[in-house]
**Q** 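One structure, pasted below without further comment.
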Amino acid sequence: MPNKTAQVDQFLLIHSARADNWREITTLADAWAANRGARAALEAAISAVAPAEEYYAYPGRRLLSVLAERIATDDAGGAARLARRISNGLLSHSYRGRQSEWDVHDEMSGAEVTDIMPPGTGEARGRRPYFEVLFVNSQPATRWEAFAAEIRRLRRPEDGFIYEPVLVGSFEDAFCAAALNPDIIAIVLAEGFPYRSRHDAPVLRSVLDPLGETEGPDMSALRLARGLKRIRPELDVYLLSDRQVEKIAGDPTADAVRRVFYAVEEPLEMHLAILEGVQARYETPFFDNLKKYARRPIGTFHALPIARGKSVFKSDWIRDMGEFYGLNLFLAESSATTGGLDSLLEPTGTIKRSQELAARAFGADHVFFVTNGTSTSNKMAVQALLAPGDIAVVDRNCHKSHHYGMVLTGAQPYYVEAFPMTEYSMYGAVPLATIKRALLTLRAEGRLDRLKLLDLTNCTFDGHMYNVRRVMEECLAIKPDLIFLWDEAWSGFARFSPFLRPRTAMGAAADIESWLQDPASVSAYEKQRADLGDEPSDEALLAARLLPDPRLVRLRVYQTNSTHKSMSAIRQGSMLLVKDVDFHTVEAQFHEAVFTHASTSPNQQLIASLDVARRQMELDGYGLVMNAIEIALKIRRAINEHPLISKYFRVLGADEMIPAQYRQSGFKDYLAPGATWATAVKAMNEDEFYLDPTRMTLVCGTAGFDGTQFKGLLANEYDIQLNKTSRNSVLLQSNINNTRSDIAHLVRVLVEICRGIEKRLADGGEGERAAFAARVKSLMTDVPDLPNFSHFHALYRGDAGRTSPEGDMRAAFFHAYDASVCEYVPLIGAECDKRLKEGPEMVSANFVIPYPPGFPIMVPGQVLTQETIDFMRKLDVKEIHGYEKARGLKLVKPDAVAAKAKRSAKAR
């Protein structure tokens, strides 16, 4: 283990570093065996990894002892073979399913050197899922191996899973093991262990310091249980006690413990409890039931011909589709919701149970499965929570589904602006001061009671994560019953990272809920109230870090996540999460929203994938998310520190993505000189905005490519797929699917592209270099200013405040349906310029959304200004939703609308 503990990625890269360290040990052992290296170098490398190796079951003390013995007896060949066997086992995870990997007599198996392939997709069934259990005890270390052997003897052939014990003897070691080893998914605590580890290794500090666990008066097993659940809430924790277990079991602080046992009087019961706890997470009610359904002989007399696959496999013309997808896809299809299947519209059986398990996994009270994307989840939430005339404070830069939701409900959007990143033609997130000012403006107008919802995107497409708790607390200080809708389409995975979880809606809601229940919260509020005075000015409220009155708060939080975007769900799989103390008042409306938007023929496989995605994240999510973050950090370093690639490309740091005033900690970037993991954690905890490490904005304009062009080049020439682009950048996203091979491929491609640029510039002479410089200047310097929302036309502000900007967007939207009150004006030409200068005002009849940047630069009823028109004219993207170049801008004629309304009223 390297000792560079100050390095910012020391903790996050510790998982992949373990495999790298063992490959290095193998190299050193081979060199020693071939008389090309020294024994001392091998011993030093093993000594460096030894403290952290205690936190993993494999290779374990027995194999490590044999390795040490072979080195001590100068058995270089034997040491090299065993080191390679261990390294291959870690690389392929073969130890999880092959018991011989644990045998100290490695010569009995001849496959250890070459068998490094992981389990394949076609491997035979019957393999039992493997996990590890952490036992925290006060026994002497000399007794641990015997204790582990006793645990292994409890295994039975009928067990659905197989686990290996990991034994530690202190509070610190327990925390490190749970943080470093993602295979640990259950923990058994025996009282009486000390706080301090028996090791004084740098790895301890690099893990414990950012996790914020310090020594204190309470070092009990219950405190450790609560601390472990704080970083990994999915863990099952069991407590062994030799004192008053009845009293402990009834203690409210024991909520973190799944079950309390008296000492170890029932070892088999403990073993069964561990397996039962894992089974409770492994259960996928709908998917399991769908598999049973597919095995039944069903006669279908409903309107879904492909069910059972007969129409496919008996046809010479489409049989290839069946062969491509496989028989099970069709056996598991049905349009019926009887015969053991459940209804997504009104679930009462396995879908209902699956949604309850998802609620547990994501920290929600309720979960709705949605099979047509988070666009629909957002519209369902907006429809259920808002009514005509209600006001919603909305990020103008949010996904179009929120805007259409406002049209659907007739709610009036109060648009707030995110901070601009003009250089990269994108927006960030909405500053808290802007949000608070909107609430205070509505209060001054006497319209705060009309405000129902704050609707924000977290994290943004480009990775900006709000300080969610602070936003909600400060808003609740102004309006205690405000409802929050957080669109977390891109960051559903963040639930399973202890560092990112507090910046999620459900994570922050749980923290606020705990604070509300703490008697100290009232004292904190009363102190602030005394400091601010009885009638603080708006400026004083804007400057203060506000706390709500815990006696008045109604905590109402909703979160949508695109499960398919960051977890293993099929495309369009989404979840709507609810944590609302007043949900009973809107539950009927939510069911109506489900009836409105959900298909009456939802895809069964998609529902099953949501069920399975939840299972995976509860059992494997911690390690998967850590791997995604590791991948992202390695990509950042590989690109920004490569001598050739960095001449033309770079991944933007936090200091370029987030203005300094929103980075109160001073954090600049993961790779900035002097950056430490402690400063990164400080930024996560304190800064107004934080940059999701898995989202990397790669600037390509400095290589002469616009975002769309570079995206096409990567896809068409190199088989690398991206999603989001801007004028001069593309977005790289690491996810739970990525591997280090993906990094290597990306780096290799970027090197090839850079070499091509270098050759072109060298061969093309001065003319080519001048053209390249002009292209870069066009992309990186001559960028259009980003237009803010202007205002709604007076025609749509009859019910608005004097100074608040909300408007009736729905009326404008439907006026576009009436050709007699609409007109078209060419974007380029004298008429448009004259209208901007002399009037009459141009009022947009519809949404106009360029891709990129993907936000609506015009909404129905908005008055068009010079900055909006200038931006449109400078756009060089091919895809602009809501704009027909041949006809021009579609506009509403307010005078025609008013005249028609007058005639209609007169006729009545």
Side-chain angles (χ1 to χ4, degrees), residues 372-376 378-379 395-405 407 418 420-427 457 460-462 487 489-490 562 564-565 571-572 695 697-701 703-718 720-733 775 778-780 782-789 813 816 824-828 832 844-860 862 864 867-891:
N372 36 354
T374 300
S375 296
T376 298
N378 292 332
K379 285 181 279 191
D395 177 4
R396 195 268 311 214
N397 191 37
C398 65
H399 189 269
K400 65 181 182 179
S401 56
H402 298 271
H403 303 276
Y404 282 109
V407 170
M421 294 184 289
T422 304
E423 183 179 358
Y424 306 108
S425 296
M426 64 178 73
Y427 279 93
T457 304
T460 68
F461 210 152
D462 302 292
D487 181 348
W490 301 100
S562 291
H564 67 101
K565 284 188 170 75
R571 187 178 178 91
Q572 293 192 345
R695 309 183 77 75
T697 296
L698 178 70
V699 176
C700 57
F705 299 105
D706 64 58
T708 302
Q709 179 186 12
F710 189 60
K711 173 185 174 181
L713 173 68
L714 291 178
N716 298 329
E717 301 295 328
Y718 300 102
I720 293 177
Q721 295 183 348
L722 307 173
N723 193 337
K724 195 254 187 189
T725 66
S726 80
R727 179 181 176 87
N728 50 28
S729 71
V730 297
L731 182 71
L732 305 176
Q733 297 172 246
R775 173 65 172 164
S778 169
L779 292 169
M780 299 302 301
D782 301 336
V783 293
D785 289 333
L786 295 172
N788 287 335
F789 175 76
F813 179 88
Y824 288 89
V825 171
L827 176 65
I828 309 295
C832 185
S844 181
N846 51 11
F847 291 103
V848 175
I849 308 174
Y851 282 84
F855 61 86
I857 60 172
M858 303 178 195
V859 304
Q862 176 184 344
L864 305 187
E867 65 173 352
T868 304
I869 297 301
D870 287 345
F871 183 82
M872 277 284 288
R873 287 174 173 175
K874 290 182 180 180
L875 280 175
D876 55 4
V877 300
K878 298 178 181 178
E879 188 176 351
I880 305 178
H881 298 179
Y883 171 67
E884 299 178 64
K885 185 176 181 180
R887 304 181 73 182
L889 302 166
K890 186 175 184 180
L891 307 174

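Quantities reported herein were computed from a predicted structural model and do not represent experimental measurements.
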**Q** Excluding sequence neighbours, so at least two apart, what forms side-chain hydrogen bond (donor to acceptor under 3.5 Å, both in side chains) with Ser375?
**A** none
**Q** Check whether any side-chain heavy atom of Phe705 sits under 4.5 Å from a side-chain heavy atom of Lys711, and report yes or no.
**A** no
**Q** Just to verify, what does Asn723 make a side-chain hydrogen bond (donor to acceptor under 3.5 Å, both in side chains) with, not counting sequence neighbours?
**A** none
**Q** Mind checking side-chain hydrogen bond (donor to acceptor under 3.5 Å, both in side chains) for His564 and listing every partner two or more places apart, or none if nothing turns up?
**A** none
**Q** Run the side chain to side chain contact (heavy atoms under 4.5 Å, CB included) check on Met858 and Leu889 step by step: do they pass?
**A** CA-CA 10 Å; Met858 303 178 195; Leu889 302 166; 3.6 Å; yes
**Q** Is it true that a side-chain atom of Ser729 and a backbone atom of Thr697 form a donor plus acceptor pair closer than 3.5 Å?
**A** no
**Q** Report yes if some heavy atom in the side chain of Asn728 is under 4.5 Å from a heavy atom in the side chain of Ser425; otherwise report no.
**A** no
**Q** Looking at side-chain heavy atoms only, is the closest gap between Leu698 and Leu722 below 4.5 Å?
**A** no
**Q** One pair to check against side chain to side chain contact (heavy atoms under 4.5 Å, CB included): Tyr883 and Leu827. What are the steps and the verdict?
**A** CA-CA 10 Å; Tyr883 171 67; Leu827 176 65; 3.4 Å; yes
**Q** Please answer whether the main-chain N or O of Ser562 pairs with a side-chain N or O of Thr374 as donor and acceptor at a distance below 3.5 Å.
**A** yes
**Q** Verify the distance criterion only: is there a donor paired with an acceptor across the side chains of Thr457 and Thr460 at less than 3.5 Å?
**A** no
**Q** Under a 3.5 Å cutoff, is there a donor and acceptor pairing between the side chains of His399 and Asp487?
**A** no
**Q** Does the side chain of Pro784 come within less than 4.5 Å of Arg727's, by heavy atoms?
**A** yes
**Q** I'd like to know if Asp782 pairs up with Lys874 as an ion pair, taking the criterion as any Lys NZ or Arg NE/NH1/NH2 lying under 4.0 Å from an Asp or Glu carboxylate oxygen.
**A** no
**Q** Step through the shown structure and confirm whether more than 12 heavy atoms of other residues, nucleotides or ligands are within 6.0 Å of CZ on Arg873.
**A** yes
**Q** Tell me whether the guanidinium CZ or amine NZ of Arg396 lies under 6.0 angstrom from the six-membered ring centre of Phe789 and within 45° of its axis.
**A** no
**Q** Once you measure the plane-to-plane angle for Phe813 and Phe847, does it fall in the parallel (<30°), tilted (30-60°) or perpendicular (>60°) bin?
**A** tilted
